[in-house]
Chemist: 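Supplied in structure tokens, the structure appears directly below.
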Protein chains: 2
Amino acid sequence: MICHSYNLFFDNFSNKTRIKIIESLILGPKSVTDICNMTKEEQSKVSHNLRNLKECHFLDVKKNGKQRIYSLNKGTVVPILKLVEKHVHKYCGEVCNKK
Amino acid sequence: MICHSYNLFFDNFSNKTRIKIIESLILGPKSVTDICNMTKEEQSKVSHNLRNLKECHFLDVKKNGKQRIYSLNKGTVVPILKLVEKHVHKYCGEVCNKK
DNA sequence: ACCATACATGAATTCTACATCATATGATTT
DNA sequence: AAATCATATGATGTAGAATTCATGTATGGT
């Protein structure tokens, strides 16, 4: 039986900005400013999106002075992305150039 | 390295109608009319959503007279849903009653 | 105490995906 | 070949999400 509110969780992956944020965090924890630099996205936009990801526990935060260090919940996020990656390679060839 | 168009795939899970369709197909292949009945959704809505799911190869179709029989790509879909299910139980308690 | 930095938050606007409605197509029956 | 059933498709309006802009808060430095 599937829970109908799972869509709330997948929302986090269905947005380019958030995928970029996740990508930037795969290598390791980062401050908001670092994330902005890596993703070339504005700070406000990043903060809003970090909030969504955090609400679903895909991200964790620690304070460090004025900085907030965000880290990825790799236990969940990485396996999910891996499954889609596998699926894409198997069925979808070079869909990656779309949009 | 994450492909930035993965959001296209996750879109399919970030929608209640499509989750309901997926749910209805877990037990086995079904015609569009059957899916409409199980999900209590209108035919046009269902067809539009089936299209999205099919485009990403999460679903497969066969013709049978006037009917189209849709079946789930369980190899991909089920493991993905399982991972989120696990995540929800671990981190989010009874979020399932939201919305 | 003041200013700068790092980040968050709220409101306003823009944008997009979805549902809806109407219509089209294709197969079957009579 | 007309009528009917099963499904798909196109166009449009709209709700909700995402971005943007302005401002707020917290921390640290001087």
Side-chain angles (χ1 to χ4, degrees), chain A residues 4-25 28-72 95 98-99, chain B residues 4-25 28-72 95 98-99:
Chain A
H4 292 310
S5 68
Y6 284 5
N7 60 331
L8 297 178
F9 290 86
F10 286 113
D11 272 341
N12 275 298
F13 295 99
S14 68
N15 170 289
K16 288 213 177 194
T17 306
R18 288 196 284 276
I19 290 281
K20 284 171 81 177
I21 291 174
I22 289 171
E23 182 179 23
S24 77
L25 288 173
K30 287 190 179 44
S31 70
V32 176
T33 303
D34 288 343
I35 296 169
C36 291
N37 291 333
M38 281 201 64
T39 60
K40 312 281 184 197
E41 300 282 357
E42 281 200 299
Q43 181 266 315
S44 171
K45 187 172 169 180
V46 168
S47 276
H48 278 297
N49 280 289
L50 283 170
R51 189 199 218 255
N52 295 329
L53 286 162
K54 204 186 64 179
E55 272 180 359
C56 283
H57 296 79
F58 290 130
L59 257 46
D60 205 26
V61 214
K62 277 187 280 185
K63 280 198 182 185
N64 176 31
K66 326 186 209 186
Q67 301 188 118
R68 311 274 171 107
I69 306 298
Y70 282 86
S71 58
L72 197 63
V95 72
K98 270 177 72 176
K99 274 198 176 174
Chain B
H4 291 311
S5 69
Y6 284 4
N7 60 329
L8 297 177
F9 291 84
F10 287 113
D11 270 342
N12 276 297
F13 297 100
S14 67
N15 169 288
K16 289 213 176 192
T17 305
R18 289 195 282 278
I19 291 281
K20 283 171 82 176
I21 290 174
I22 289 172
E23 182 178 21
S24 77
L25 288 172
K30 284 187 179 49
S31 71
V32 176
T33 304
D34 288 343
I35 295 169
C36 291
N37 291 333
M38 280 201 63
T39 59
K40 311 281 186 198
E41 302 282 357
E42 281 197 299
Q43 181 267 315
S44 172
K45 188 172 166 179
V46 168
S47 275
H48 279 297
N49 281 290
L50 284 170
R51 188 200 220 257
N52 297 329
L53 286 162
K54 204 186 65 179
E55 273 180 359
C56 284
H57 296 80
F58 289 131
L59 255 49
D60 205 26
V61 213
K62 278 186 281 186
K63 279 197 181 186
N64 177 32
K66 328 187 210 188
Q67 300 188 120
R68 310 275 171 107
I69 306 299
Y70 283 86
S71 57
L72 195 62
V95 72
K98 270 177 71 177
K99 274 200 175 172

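Each chain gets a letter, A, B and so on, in the order its sequence line appears, and its residues count up from 1.
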Chemist: Search all heavy atoms of Tyr70(A) against all heavy atoms of Leu25(A) and return the closest pair with its distance.
Modeler: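 Looks like O-CD2, 3.3 Å.
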
Chemist: Starting from P on dA8(C), measure out to NZ on Lys45(A) and report it in whole angstrom.
Modeler: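 Answer to the nearest Å: 16 Å.
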
Chemist: Where do Ser14(B) and Asp11(A) come nearest, in terms of heavy atoms and distance?
Modeler: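 Taking Ser14(B) first and Asp11(A) second, the nearest heavy atoms are CB-OD1, 3.1 Å.
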
Chemist: Per the salt bridge (Lys or Arg N to Asp or Glu O under 4.0 Å) rule, what does the pair list look like for residues 38-53 of chain A, sequence neighbours excluded?
Modeler: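 Found Lys20(A)-Glu41(A), Glu41(A)-Lys45(A), Arg51(A)-Glu55(A).
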
Chemist: Atom CG of Leu8(B) and atom NZ of Lys16(A): how far apart are they, to the nearest 0.5 Å?
Modeler: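 Going from the CG atom of Leu8(B) to the NZ atom of Lys16(A) covers 7.0 Å.
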
Chemist: Can you measure from CD1 (Ile35(B)) to CD1 (Ile22(B)) and round to the nearest 0.5 angstrom?
Modeler: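 Answer rounded to 0.5 Å: 11.0 Å.
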
Chemist: When the nearest nucleotide of DNA chain D is assigned to Lys63(A) and to Val61(B) on a heavy-atom basis, which residue is associated with the more 5' position?
Modeler: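 Taking each residue's closest nucleotide, the earlier one in sequence belongs to Val61(B).
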
Chemist: Which pairs, protein N/O on one side and nucleotides 4-6 of chain D N/O on the other, fall under 3.5 Å?
Modeler:
from: dC5(D); atom 1: O4'; to: Lys66(B); atom 2: NZ; distance (Å): 3.4

Chemist: Between NZ of Lys30(A) and SG of Cys36(A), what distance do you get to the nearest 0.5 Å?
Modeler: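 Result: 12.5 Å between the selected atoms.
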
Chemist: What distance do Gln67(A) atom CD and Lys62(A) atom NZ have between them, rounded to the nearest 0.5 Å?
Modeler: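 These two atoms lie 12.5 Å from each other.
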
Chemist: Thr17(B) and Asn49(B): which non-hydrogen atoms are nearest, and at how many Å?
Modeler: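 Thr17(B) and Asn49(B) have their closest heavy atoms at CG2-ND2, 3.5 Å.
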
Chemist: Work out which heavy atom in Lys54(A) is nearest to a heavy atom in Leu59(A); give both atom names and the distance.
Modeler: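 For Lys54(A) versus Leu59(A), the nearest heavy atoms are CG-O, 3.8 Å.
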
Chemist: Ile69(A) CD1 to dA8(C) P: how many Å, rounded?
Modeler: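 Interatomic distance, CD1 of Ile69(A) to P of dA8(C): 11 Å.
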
Chemist: Do Ile69(B) and Val61(B) make a side-chain contact, defined as non-hydrogen atoms from C-beta onward lying under 4.5 Å apart?
Modeler: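 Result no, sub-4.5 Å side-chain heavy-atom pair not found.
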
Chemist: Residues in ring-ring contact (aromatic ring centres under 6.0 Å, His included) with Phe13(B), at least two apart?
Modeler: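 Scan of Phe13(B) (ring-ring contact (aromatic ring centres under 6.0 Å, His included), adjacent residues dropped) gives Phe10(A), Phe58(B).
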
Chemist: Using a heavy-atom distance cut-off of less than 4.0 Å, which residues of residues 34-43 of chain A contact DNA chain C?
Modeler: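 Only Gln43(A) qualify.
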
Chemist: Rounded off to whole Å, could you give me the CG-to-P distance for the Asp11(B) and dA19(C) pair?
Modeler: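 It works out to 13 Å between those atoms.
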
Chemist: Whole angstrom is fine here: how far is it from CG in Asn52(A) over to P in dG16(D)?
Modeler: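 Distance, rounded to whole Å: 16 Å.
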
Chemist: Under 4.0 Å: is that the gap between some side-chain N or O of Asn15(B) and OP1 or OP2 of dC18(C)?
Modeler: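 Yes, such a contact exists.
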
Chemist: Determine whether Asn15(B) and Asn7(A) make a side-chain contact, defined as any pair of heavy atoms from C-beta on separated by less than 4.5 Å.
Modeler: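 Contact flag for Asn15(B)/Asn7(A) side chains = no.
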
Chemist: Have a look at the helix from dA1(C)-dT30(D) to dT30(C)-dA1(D) and give the angle its two end axes make, five pairs each, rounded to 10 degrees.
Modeler: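 Taking the rotation axis at each end, their angle is 10°.
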
Chemist: List the atom of Thr39(A), the atom of Val46(A), and the distance in Å for their closest heavy-atom pair.
Modeler: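 It is OG1-CG2, 4.3 Å.
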
Chemist: Rounded to the Å, how far apart are Asn49(B) CG and dT9(D) P?
Modeler: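 It works out to 13 Å between those atoms.
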
Chemist: Tell me: OH of Tyr70(A) to C1' of dA8(C), nearest whole Å?
Modeler: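 Spelled out: OH on Tyr70(A) to C1' on dA8(C) is 8 Å.
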
Chemist: Under 3.5 Å between N/O atoms: give me all the protein pairs with nucleotides 10-13 of chain C, atom names plus distance.
Modeler:
from: dG10(C); atom 1: O6; to: His48(A); atom 2: NE2; distance (Å): 2.7

Chemist: Shortest non-hydrogen contact from Leu53(A) to Arg18(A)?
Modeler: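 The pair with the smallest heavy-atom distance is CG-CD, 3.8 Å.
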
Chemist: Whole Å only: how far is the NZ atom of Lys54(B) from the C1' atom of dT9(D)?
Modeler: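 Whole-Å distance recorded here is 12 Å.
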
Chemist: Please report the distance, rounded to the nearest Å, between CG in Leu50(B) and P in dT7(D).
Modeler: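 Rounding to the nearest Å, CG of Leu50(B) and P of dT7(D) are 10 Å apart.
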
